[in-house]
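Reading through the structure tokens given below for one structure.
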Amino acid sequence: MNLFDVYQKKIETLLGEMSSAGELPAGLDLSRVKVEPPKDASHGDMSTNAAMVLGKPAGKNPREVGEAIAERLRKLDGVREVTLAGPGFVNFRLSPDVWQEIVAAVLAQGTAFGDSKMGQGEKVNVEYVSANPTGPMHAGHMRGAVIGDVLARLLTKAGYDVTREYYFNDAGAQVDVLGRTTYLRYREALGENIGEIPDGLYPGEYLKEVGAGMAKRDGDKWLNRPEADWIAPMRAFAVARMIENIKHDLDLIGIHHDVFTNEREIVENGTLEEVFKKLQDMDLIYQGTLPPPKGKEMDDWEPAELTLFRSSNFGDSSDRPLKKRDGTWAYIMPDIAYHYDKMRRGFNTMINVLGKDHGNYLDKMRPAVSALSNGKASITVMFCGMVKLFKNGEPVKLSKRSGNIITLREIVEEVGAGVVRFHMMTRTPDSEMDFDFAKVVEQSKDNPVFYVQYAHARCHSVMRNATAMFGAGVENEKFDLSRLNAEDDIQMIRLLASWPRFVVAAAEAKEAHRITIYLHDLASAFHTLWNKGREDATLRFLHENDRELSLARLALVRAVATVIASGLAVMGVEPLKEMHA
RNA sequence: GCGCCCGUAGCUCAACUGGAUAGAGUGUUGGCCUCCGAAGCUAAAGGUUGUGGGUUCGAAUCCCGCCGGGCGCACCA
């Protein structure tokens, strides 16, 4: 239930009536007409720009149009205090019962309050994490992992049919390195002294158990045999183990993908050839020579004739090679084929969460997606900035070379999954962010996770007190919403009522971090209201001698807790009923 | 050199995607616990939204030019 949608429709109907009555021309474009909360609450509950948007096409002064709109608006049920302001805003208030009903709606819908049908069941593919299975999840992965997952939750809440996907490469050079390192660990497990891990292999301890696992499964059958014999089984075994490992680590922060796709499948089932043929049929493939890249020192540049894709037809800065000089596929080809595969599976909206260092991924992929779908499919990339870790105020040095990585598991064990998730969402995705192990668990209002959780816990504290005061089961007793008539009550409800709007706006913009902003506002409003009760006893939630008011206020408090929980659910964070030190 | 992103209070970030007087936190200085959890609330203060033009009823937001920053620019993966 989105009140703003309700009044948007009412106003559109009203404008239609004005056209019929000849007060406005027929066939006006209403798409820019909006109903939103005014920036300054003292202007009213809602505001519409209709008069300003329609003034010009109607050939009338906006204020004149506004006056006519106001006239009709005054006659609507639930509307009061219609005023004309500024350049032509029509502001109005809603009568208290309209607001009070929101509390009932929230309690009836529970955390589903704020769900929207905006997405209309459209299939969306959100691809995130997608780390190659060469090591455990570490600090560098957590930002993208959480951003992708929360975006998926948000889009689901907004009515999209979301598939969470993980794509990994189980071929290629990195995976060969994994295979070789596993072989070394395998020999170690069989009793050999392997000494230091040589340069160019993965030094991390985590491959020890993989090698041991291999030794357990296959015994010594791979010893003293050439690499050509053992590299494939080592790779396969290690990849399978690492994927299990990754799934397990992701589970620690509540992340579960629906689909795992690997590059090998795409390559082996002939998708590359199919895509290539398709592009050929569209006359988008030719043999040619590219100019050397500009602005870069190229000591070994040699012009060569290559098989090129006319990506510049689709806005790319230059055409791109799909085959190398030796005739084998260029590396972007599997990626293109993979996106073709997604489209073939019915996804016209594809979202990719990547690190900022993949800066030109979109440039490379968009032309292909556009060509292969005749412009129907879209690919969006969300770039994530780096997370800088701090311990005791000192930056944590990370070195993958020495195997000195901070794993996701360590972080989650130290601060908890909810804290990690919430913090990753406190900034726009592409900004850099500091993550201080001490600060993120600090129990003060400086810490947004705590602040929001505290508000939720306080709500539950009120519920506990209500039980103590009025006996068990008070929350199920009937309440009279009309008792919520203090301006502060209504103020609180207004904020609750705007939650569905936030969901829609955040989903439209694909900016899940806005949810944290809303939650912080809501928590702040609740803390404020709480404290007002200290100075003005009439605003307290519970009144021993006024059971009816207490029940109504208790309903309000439960609604606040419900909306906080609804927001935290989008974040994938478990709401706390009690804070404990 | 080219492409993408960014530039908002001293600092870290918002601003519901074109709306009215640009808001929070932090830092500084005050006030509030016999009272539902003071782990909180509250007052003051801080701005030519990098800059110069343009578009319109209206611009932090859209367009163009500068200035400054980040990332990317191979047939590597």
Side-chain angles (χ1 to χ4, degrees), chain A residues 4 32 34 36-40 43 47 49 51-53 55-56 61-63 85-89 91 132 169 171-175 290 292-296 298 300-302 304 306-307 316-318 320-326 328-332 334-335 355-363 381 383 385 426-428 430-434 442-448 450-451 453-455 457-458 461-466 468-469 498 501-502 504-506 508-509 511 513-514 517-518 520-521 524 527-535 537 540-543 550 553 557 578-579 581:
Chain A
F4 293 89
R32 288 176 59 218
K34 291 196 294 191
E36 25 183 27
K39 217 158 216 173
D40 184 340
H43 289 135
S47 176
N49 61 353
M52 289 177 290
V53 173
K56 198 167 192 184
N61 179 319
R63 294 201 55 116
F89 287 100
N91 300 323
N132 278 343
N169 183 351
Q174 282 185 56
V175 184
L290 288 177
K294 288 175 181 160
K296 246 201 149 183
M298 290 307 244
D300 56 349
W301 172 261
E302 280 175 47
L306 299 162
T307 303
D316 205 346
S317 52
S318 82
R320 305 231 174 225
L322 295 187
K323 285 185 180 178
K324 298 185 212 171
R325 192 179 310 194
D326 62 8
T328 58
W329 296 115
Y331 79 97
I332 65 167
D335 278 338
K356 253 183 171 175
D357 49 330
H358 295 78
N360 64 342
Y361 186 85
L362 188 58
D363 297 345
V381 176
F383 294 105
T426 52
R427 298 254 183 290
T428 52
D430 63 342
S431 64
E432 294 211 342
M433 137 186 286
D434 293 346
E442 195 174 284
Q443 310 243 329
S444 81
K445 67 178 172 137
D446 308 350
N447 181 354
F450 172 81
Y451 189 75
Q453 289 284 23
Y454 181 36
R458 262 187 162 172
S461 167
V462 174
M463 298 180 211
R464 286 189 292 269
N465 284 318
M469 199 176 284
S498 69
R501 276 190 92 244
F502 258 85
V504 168
E508 242 164 25
E511 291 187 357
H513 70 281
R514 288 192 194 175
I517 295 168
Y518 174 80
H520 196 273
D521 283 353
S524 171
H527 289 309
T528 300
L529 185 53
W530 179 288
N531 276 279
K532 274 195 170 182
R534 297 181 162 280
E535 286 167 17
R540 293 172 63 112
F541 301 120
L542 303 178
H543 302 263
S550 302
R553 289 258 168 84
V557 169
E578 245 175 315
M579 309 302 299

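Labels below follow one simple rule: chain letters A, B, ... track the order of the sequence lines, proteins then strands, and each chain is numbered from 1.
Between the CG atom of Asp434(A) and the C1' atom of U12(B) there is a distance of 9 Å, given to the nearest Å. Note: CG (Asn91(A)) to C1' (G19(B)) measures 11 Å, nearest angstrom. One can place CD of Gln174(A) at 9 Å from P of A77(B), the figure rounded to the nearest angstrom. One can place CE of Met52(A) at 10 Å from P of A20(B), the figure rounded to the nearest angstrom. In this structure, Arg320(A) places its CZ atom 12 Å from C1' of C75(B), rounding to the nearest Å.
At the phosphate of G19(B), neither OP1 nor OP2 sits under 4.0 Å from any side-chain N or O atom of Ser47(A). At the phosphate of C57(B), OP1 or OP2 sits under 4.0 Å from a side-chain N or O atom of Lys56(A). Side-chain N/O atoms of Thr528(A) include one lying less than 4.0 angstrom from OP1 or OP2 on U42(B).
Residue-level contact check: Pro62(A) touches neither bases nor backbone, having no heavy atom under 4.0 Å from any strand. Counting any heavy atom pair closer than 4.0 Å across all strands shown, Arg427(A) reaches sugar-phosphate atoms only and no base atom. Across all strands shown, Asp316(A) has no heavy atoms under 4.0 Å from either base or sugar-phosphate atoms.
The backbone N or O of Ser524(A) sits less than 3.5 Å from a side-chain atom of Thr528(A), completing a donor-acceptor pair. Formation of a donor-acceptor pair under 3.5 Å by the Asp430(A) side chain with backbone atoms of Phe383(A) is not found in this model.
Contact detail for Leu542(A) and Ala466(A): the closest heavy-atom pair is CD1-N, 3.6 Å. Considering every non-hydrogen atom in both His543(A) and Ala537(A), the closest pair reads CE1-O, 3.0 Å.
Closest contact between the side chain of His513(A) and the listed nucleotides A14(B), G19(B), C36(B) involves A14(B).
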Could you list, one pair per line, each protein nitrogen or oxygen that sits under 3.5 Å from a nitrogen or oxygen of nucleotides 24-28 of chain B, together with the distance?
unit_1, atom_1, unit_2, atom_2, d
U26(B), OP1, Lys445(A), NZ, 3.2
U26(B), OP1, Asp446(A), OD1, 3.1

Which atom pairs link the protein and nucleotides 4-9 of chain B when you take only N or O atoms and keep those under 3.5 Å?
unit_1, atom_1, unit_2, atom_2, d
C5(B), O2', Asp430(A), OD2, 3.1

N/O to N/O distances under 3.5 Å, protein versus nucleotides 16-18 of chain B:
unit_1, atom_1, unit_2, atom_2, d
C16(B), O2, Arg501(A), NH1, 2.4
U17(B), O4, Glu511(A), OE1, 3.3
U17(B), O4, Glu511(A), OE2, 3.1
U17(B), O4, Arg514(A), NH2, 2.6

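Spacing of C1' atoms, C36(B) relative to U48(B), comes out at 48 Å, to the nearest Å. Comparing the C1' positions of U61(B) and G23(B) gives an interatomic distance of 15 Å, to the nearest angstrom. For the P atoms, the distance linking C62(B) with U8(B) amounts to 15 Å, nearest Å. Separating the P atom of G72(B) from that of G27(B) is a span of 35 Å, rounded to the nearest Å.
Glycosidic conformation, C33(B): syn, with the torsion inside 90° of 0.
Applying the ring pair (Phe, Tyr, Trp, His ring centres under 6.0 Å) criterion to Trp329(A), with sequence neighbours excluded, gives Phe276(A). For Arg501(A), the salt bridge (charged side-chain N to carboxylate O under 4.0 Å, His left out) partners two or more places apart in sequence, or in a different chain, are Glu36(A).
Using the six-membered ring where Trp is involved, His520(A) and Tyr451(A) have ring planes that are parallel, under 30° apart on the 30 and 60° scheme.
The side-chain ring of Tyr331(A) is not stacked on the base of C75(B), judged by centre separation under 5.5 angstrom and plane angle under 30 degrees.
Base pairing in RNA chain B gives the following stems of 3 or more Watson-Crick or G-U pairs, range against range and under 3.5 Å: B:1-7 with B:67-73, B:10-13 with B:23-26, B:28-32 with B:40-44, B:50-54 with B:62-66.
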